[in-house]
Amino acid sequence: PADDVHRQTFGKLVLVTDDLMLRLINSVCSLTELREADICCMERIQDERQAPLLGIDCMYFLEPTAANVEHLVQDLSQDGPGYNSLHVFFSRRLDDELLQELASAPES
């Protein structure tokens, strides 16, 4: 099917990250390694993103800050991009207050 061809050509994941995590990723991974890990593109969380690719999953790798949680909550709302599925990882433990904010976010 066309969807399988799309996934084989472009990867299976969009990686959304912040500036600090982007520098970390760039220091330990090459673009080739990211593509081999099925990442089709990387986007910064604070930037307005294009319409999502249908059938593509999204992985967030973020520093646990209030600003990043706010952007993530916006993405989870109906106004944010709608990916096939979301996988969220923080570089360290998320404070309880920010976790509560994320947990109370409306689902799209």
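Listed for the Ser85 side chain is no donor-acceptor partner under 3.5 Å among the backbone atoms of Asp57. At distances below 3.5 Å, at least one donor-acceptor pair connects side-chain atoms of Asn68 with backbone N or O atoms of Glu63.
The side-chain heavy atoms of Ile25 and Leu15, taken from C-beta on, include a pair separated by under 4.5 Å. Put simply, the side chain of Pro64 does not reach to within 4.5 Å of the side chain of Val69, judged on heavy atoms. Thr65 has its side chain out of reach of Asp18: every pair of non-hydrogen atoms, C-beta onward, lies at least 4.5 Å apart. In this structure, Arg23 and Asp19 have side chains that are in contact, with non-hydrogen atoms separated by less than 4.5 Å.
Going from atom CD of Glu48 over to atom CD of Gln74 covers 8.5 Å, rounded to the nearest 0.5 Å. Here the CG-OG1 distance, from Leu62 to Thr17, works out to 6.0 Å after rounding to the nearest 0.5 Å. Taken to the nearest 0.5 Å, the CG atom of Leu20 stands 9.0 Å off from the CZ atom of Phe61. Atoms CG and CD, from Asp75 and Glu43 in turn, are 9.5 Å apart once rounded to the nearest 0.5 Å. Here the SG atom belonging to Cys41 is positioned 11.5 Å from the CG atom belonging to Leu31, to the nearest 0.5 angstrom.
For the pair Ala66 and Leu98, the tightest heavy-atom approach, listed with the atom from each and the gap, is CA-CD2, 3.7 Å. Minimum interatomic distance between Val73 and Glu101 (heavy atoms only, all atoms of both residues): CG2-O, 4.1 Å. Leu34 and Met42 get closest at one heavy-atom pair: CD1-SD, 3.6 Å. Between Leu94 and Leu102 the shortest heavy-atom distance is CD2-CD2, 4.2 Å. For Cys58 against Val16, the heavy-atom pair with the smallest separation is SG-CG2, 3.5 Å.
Under a 4.0 Å N-O distance rule, the pair Arg92/Asp95 does not qualify as a salt bridge.
Hydrophobic cluster membership differs between Phe90 and Val28, with clusters built from Ile, Leu, Val, Met, Phe, Trp and Tyr side chains linked at under 4.5 angstrom.
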